[in-house]
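Note that the numbering runs from 1 along the sequence shown for the chain. Numbering of ligands and ligand atoms starts at 1, following listing order.
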Amino acid sequence: SVKEHGRNSYQFFKQEMNDVIQMKLILEQELLNAIEQNEFCLYYQPQICGKEHKIIGLEALIRWQHPEKGLISPDFFIPIAEESGLIIPISQWVLHEAIKTIANFKEFGFSNITMAINISQQQFKSESFHDEIARTLKTFNIPGRFLELEITESQAMENAEQTIEILHGLKKLNVSIALDDFGTGYSSLAYLKRLPIDIVKVDRSFIQDIEHDSNDAEISSAAISLSHNLGLKVIAEGVETETQLAFLKSHNCDVMQGYFFSRPLPENELLAWMKSFAS
Ligand code: C2E
Ligand code: MG
Ligand code: MG
Ligand code: MG
């Protein structure tokens, strides 16, 4: 009967829900273990100056080195970490590790390189965030100007007034602020003008098809000139080809980041790459 069928599909639905909840609990437990067992690592991707052939910065990107499953991407576990609150200790670890790496690179002779880290929404809104940054910079004796905080455009626009206030506080630390994934988050121009940011990162999705999609080419060049008019520096994400690079250079894009130069690499591999790039 229909009723019977309804009940069966409800039972089925309930079972599925239980599976999902069960799955989440398992993942959260694994994430907790990962924190305790130190299974996270940072990979770093170089950022290259558009004018001179020079490395000017790095972006730190987290990976989870799972003992059985191998390297797990942040797109998979960051949302779970956000939802469970585990993002807070993970983010603290990222901040500490990334600033330590700035200090390491100074020792290796790369003394003028900025480090960008991705900031989660919970971390961004937590009251202790500002002091944590100040403390960690002090621990490693690193001036704030070497640290770049990336918040996504949609994150920034979620509560734009609050974002502006938080950013003004952070700016007192002399750190730079970058608006990540720009073009995907519907910011209003009025807010864009009021946000105390320094850098705009044009989202990879626009860079990807620059060669073949005239709309994307238009959007990318418009984003570059808009940002320049607002006094902001522009980074293009996801640069993979020589043609994309040429396009971006001809439109005066300040900084390029992408597989064309290098994939994100662990610290020791990056160091080797940087030495060969510099020479
Ligand atoms: P994102 O900040 O926009 O980082 C750029 C992503 O694009 C990275 O993916 C990077 O590996 C990838 N990428 C760079 N160049 C290219 C390219 O030329 N082609 C292609 N196809 N991809 C490229 P990844 O490392 O998997 O990170 C994904 C996202 O996870 C990041 O996006 C960021 O939102 C988040 N994430 C990464 N690390 C952290 C972290 O430490 N904390 C937080 N809260 N989020 C993080
Ligand atoms: Mg980023
Ligand atoms: Mg991005
Ligand atoms: Mg992204």
Side-chain angles (χ1 to χ4, degrees), residues 31 34-35 39-48 57-65 70-101 114-126 129 132-133 136 147-156 176-185 187 197-211 220 223 234-245 247-248 253 255-267 269-270 273:
L31 264 183
I35 296 171
E39 289 171 6
F40 295 106
C41 55
L42 289 184
Y43 276 41
Y44 301 92
Q45 189 176 37
Q47 301 176 325
I48 312 297
L58 305 172
E59 179 177 2
L61 295 153
I62 194 171
R63 272 80 189 115
W64 176 6
Q65 184 70 62
L71 217 55
I72 302 178
S73 130
D75 281 330
F76 175 74
F77 66 86
I78 292 289
I80 305 164
E82 284 265 10
E83 217 179 312
S84 60
L86 292 172
I87 191 70
I88 293 293
I90 294 174
S91 303
Q92 285 167 342
W93 177 83
V94 170
L95 180 71
H96 188 269
E97 197 68 13
I99 294 178
K100 185 168 89 187
T101 300
T114 58
M115 177 70 74
I117 61 174
N118 294 279
I119 304 305
S120 80
Q121 192 66 335
Q122 279 197 50
Q123 185 183 25
F124 184 63
K125 297 203 165 165
S126 97
F129 185 42
E132 232 165 71
I133 295 175
T136 314
L147 186 65
E148 231 166 74
L149 308 177
E150 296 192 0
I151 57 166
T152 65
E153 186 190 18
S154 25
Q155 213 179 320
S176 308
I177 313 291
L179 204 57
D180 203 353
D181 302 349
F182 182 73
T184 64
S187 38
I197 57 174
D198 308 278
I199 300 159
V200 160
K201 295 191 79 175
V202 179
D203 192 67
R204 184 173 81 219
S205 58
F206 302 109
I207 309 299
Q208 218 164 33
D209 286 332
I210 271 181
E211 299 157 54
S220 302
V234 184
I235 302 180
E237 314 186 296
V239 180
E240 291 184 357
T241 69
E242 186 112 51
T243 321
Q244 290 165 353
L245 179 64
F247 176 95
L248 291 161
C253 185
V255 181
M256 327 290 171
Q257 185 181 345
Y259 295 172
F260 179 74
F261 293 104
S262 170
R263 287 179 179 261
L265 297 171
E267 190 176 322
E269 282 177 45
L270 177 75
W273 185 89

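When Asn118, Asp75, Ile207 are ranked by how near their heavy atoms come to atom 33 (C) of ligand 1, first place goes to Asn118.
Rounding to the nearest 0.5 Å places CZ of Phe129 at 9.0 Å from CD1 of Ile88.
Counting heavy atoms closer than 4.0 Å to ligand 1, residue Gln45 contributes side-chain atoms (C-beta onward) but none from N, CA, C or O. Contacts between Asp180 and ligand 1 below 4.0 angstrom, taking non-hydrogen atoms only, involve the side chain exclusively. Residue-level proximity to ligand 1 for Pro264 is carried by the side chain, the only part with a heavy atom below 4.0 angstrom. Proximity of Arg204 to ligand 1, defined as any heavy-atom pair under 4.0 Å, is confined to the side chain (atoms from C-beta onward). Looking at Leu61 against ligand 1, both its backbone and its side chain come within 4.0 Å, counting heavy atoms. In Glu237, the part holding a heavy atom less than 4.0 Å from any atom of ligand 1 is the side chain.
The salt bridge (Lys or Arg N to Asp or Glu O under 4.0 Å) test applied to Glu132 returns no partner, not counting sequence neighbours. Remark: Glu153 engages no residue in a salt bridge (Lys or Arg N to Asp or Glu O under 4.0 Å) (not counting sequence neighbours). For the salt bridge (Lys or Arg N to Asp or Glu O under 4.0 Å) test, no residue two or more places apart in sequence or in another chain qualifies with Asp209.
Set against the non-hydrogen atoms of Val94, the atoms of ligand 1 under 4.0 Å away are 41 (O).
Listing protein N, O or S atoms at distances below 2.8 Å from the Mg ion (ligand 2), with waters left out, gives Glu59 OE2, Asn118 OD1, Glu150 OE1, Asp180 OD2.
A distance-only check finds a donor-acceptor pair linking the side chain of Asp198 to the backbone of Ile177 [under 3.5 Å]. For Glu59 (side chain) and Ile117 (main-chain N/O), no donor-acceptor pair under 3.5 Å exists by modelled atom type. Here the side chain of Gln155 pairs a donor or acceptor atom with the backbone of Ile119 at under 3.5 angstrom. At least one donor-acceptor pair under 3.5 Å links the side chain of Gln244 to the backbone N or O of Thr241.
Arg63 counts as a contact of ligand 1, since one of its heavy atoms falls under 4.0 Å from the ligand. Heavy-atom separations between Glu59 and ligand 1 include at least one value shorter than 4.0 Å.
The N/O atoms of Ser73, backbone and side chain alike, include none that comes under 3.5 Å of an N/O atom in ligand 1.
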Practice problem: Check the pair Ser262, Gln45 against side chain to side chain donor-acceptor pair (under 3.5 Å), reporting the backbone distance first and the verdict last. | Solution: CA-CA 7 Å; Ser262 170; Gln45 189 176 37; over 6 Å; no
